[in-house]
Enquirer: 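Below: one structure in structure tokens.
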Amino acid sequence: KKFEVIVSMSCLEHINDIEKNFKKLKYLTDKKHLQYHVINFSSHINKKNPFKNLYSEHPKNFRKKYKNNINFLRMSDYEKILKKNRYFYKFKTLSSYKIKKSEIHTYWKKYTINELKVRTALLKISGRY
């Protein structure tokens, strides 16, 4: 028997091989299923300033300094993986936070400012094709 509904709260950002995760979910779910994931894109260090120090340095340095276990993926990274694995999906931004463009390390320049500002988002997956 396969799962018809999957729900997670602030879990996906802690999975290092997220593509492997979504591949495995393909085998655990019906073709027509629902998934709801709340993804927290913050640094997980400071609730009042959710991106404190996150974007000002390379993720490797951030991880060493704060012993943090987040995967540093952003919505566009998830979208590439979901498309590749043939999922129907939709993102909804739940909250965002101001960031200073001048404090962004070159690693993060591959993302738009609007994407970097997203603190939490709801990912709804409605099956696969």
Side-chain angles (χ1 to χ4, degrees):
K1 191 162 183 161
K2 295 189 175 204
F3 292 100
E4 295 174 7
V5 178
I6 293 175
V7 177
S8 76
M9 290 283 294
S10 196
C11 296
L12 293 185
E13 69 270 17
H14 297 285
I15 298 172
N16 285 323
D17 192 345
I18 201 72
E19 184 164 7
K20 184 177 179 181
N21 177 74
F22 282 115
K23 283 180 180 179
K24 189 168 189 172
L25 287 175
K26 284 173 84 169
Y27 297 103
L28 297 174
T29 56
D30 289 326
K31 194 169 186 175
K32 292 183 180 181
H33 70 282
L34 289 172
Q35 294 182 45
Y36 297 96
H37 303 280
V38 175
I39 304 171
N40 181 343
F41 296 99
S42 76
S43 67
H44 289 64
I45 293 171
N46 186 318
K47 289 185 181 189
K48 289 184 180 180
N49 187 352
F51 300 120
K52 185 175 182 180
N53 301 331
L54 178 63
Y55 294 139
S56 61
E57 52 192 298
H58 193 283
K60 287 179 185 177
N61 296 337
F62 185 87
R63 183 171 279 143
K64 279 182 194 174
K65 191 183 286 186
Y66 298 102
K67 311 279 189 260
N68 200 303
N69 66 343
I70 55 176
N71 61 25
F72 303 101
L73 300 176
R74 296 293 164 248
M75 287 193 305
S76 59
D77 301 315
Y78 285 93
E79 288 178 331
K80 287 176 193 166
I81 292 165
L82 293 165
K83 283 178 186 174
K84 184 178 177 183
N85 287 280
R86 304 170 58 97
Y87 281 103
F88 294 111
Y89 68 91
K90 191 173 194 177
F91 267 106
K92 174 150 178 69
T93 299
L94 301 177
S95 67
S96 56
Y97 192 82
K98 288 183 182 179
I99 57 171
K100 294 179 182 174
K101 193 174 183 176
S102 61
E103 295 178 1
I104 298 175
H105 183 276
T106 54
Y107 172 88
W108 296 102
K109 302 268 182 182
K110 60 185 172 182
Y111 303 102
T112 67
I113 292 295
N114 285 337
E115 186 173 13
L116 293 175
K117 291 191 317 187
V118 175
R119 181 181 185 177
T120 54
L122 174 65
L123 168 59
K124 178 186 177 187
I125 297 173
S126 53
R128 57 188 183 275
Y129 52 95

Enquirer: Please report the shortest heavy-atom distance between M75 and T93, naming the atom on each side.
Expert: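 M75 and T93 have their closest heavy atoms at CE-OG1, 4.2 Å.
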Enquirer: Other residues, nucleotides and ligands only: do more than 12 of their heavy atoms fall within 6.0 Å of NZ on K80?
Expert: no
Enquirer: Side-chain heavy atoms under 4.5 Å apart, restricted to Ile/Leu/Val/Met/Phe/Trp/Tyr: what other residues fall into the cluster of F88, or is it alone?
Expert: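 Once heavy-atom contacts under 4.5 Å are chained together, F88 belongs with Y129.
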Enquirer: Regarding N114 and T112, is there a side-chain donor-to-acceptor distance under 3.5 Å anywhere?
Expert: no
Enquirer: Can you tell me how far apart CD1 (I6) and NE2 (H33) are? Round to the nearest 0.5 Å.
Expert: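 That separation rounds to 5.5 Å.
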Enquirer: Of the non-hydrogen atoms in N46 and K52, which two are nearest, and what is the gap between them?
Expert: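 It is ND2-CD, 3.8 Å.
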Enquirer: Does the side chain of Y55 reach to within under 4.5 Å of the side chain of S43, using non-hydrogen atoms?
Expert: no
Enquirer: For H37 and Y78: C-alpha separation, side-chain torsions, deciding distance, then whether side chain to side chain contact (heavy atoms under 4.5 Å, CB included) applies.
Expert: CA-CA 12 Å; H37 303 280; Y78 285 93; over 6 Å; no
Enquirer: Closest heavy-atom contact between V118 and F51?
Expert: O-CZ, 3.3 Å
Enquirer: Would a 4.5 Å heavy-atom cut-off, applied to side chains only, mark L54 and I70 as touching?
Expert: yes
Enquirer: By the salt bridge (charged side-chain N to carboxylate O under 4.0 Å, His left out) test, which pairs, at least two apart or in different chains, include something from residues 28-48?
Expert: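 Sorted result for residues 28-48: empty, none.
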Enquirer: Indicate the atoms forming the closest heavy-atom contact of V38 with M9, along with that distance.
Expert: CG2-SD, 3.5 Å
Enquirer: Flag yes if more than 12 heavy atoms outside K124 fall under 6.0 Å of its NZ atom; otherwise flag no.
Expert: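 Atom NZ in K124 is not crowded, with 12 or fewer foreign heavy atoms closer than 6.0 Å.
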Enquirer: Donor-acceptor pair, R119 side chain versus L94 backbone, under 3.5 Å?
Expert: no
Enquirer: Are K101 and I113 side-chain neighbours, meaning at least one heavy-atom pair lies under 4.5 Å?
Expert: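 With C-beta onward as the side chain, the pair touches.
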Enquirer: Show your reasoning for whether side chain to side chain contact (heavy atoms under 4.5 Å, CB included) applies to L123 and L82.
Expert: CA-CA 11 Å; L123 168 59; L82 293 165; 3.8 Å; yes
Enquirer: Classify the ring geometry of F62 against Y66: parallel below 30°, tilted from 30° to 60°, perpendicular beyond 60°.
Expert: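 Rings of F62 and Y66: tilted, 30 to 60°.
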Enquirer: Just say parallel, tilted or perpendicular for the rings of F91 and F41, cut-offs at 30° and 60°.
Expert: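 The rings of F91 and F41 sit tilted, inter-plane angle from 30° to 60°.
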Enquirer: Going by the side-chain hydrogen bond (donor to acceptor under 3.5 Å, both in side chains) test, which pairs reach into residues 14-25, not counting sequence neighbours?
Expert: H14-H44, H14-N69, E19-K84
Enquirer: Indicate yes or no for a side-chain donor-acceptor contact from N71 to the backbone of L73 under 3.5 Å, with no hydrogens or angles considered.
Expert: yes
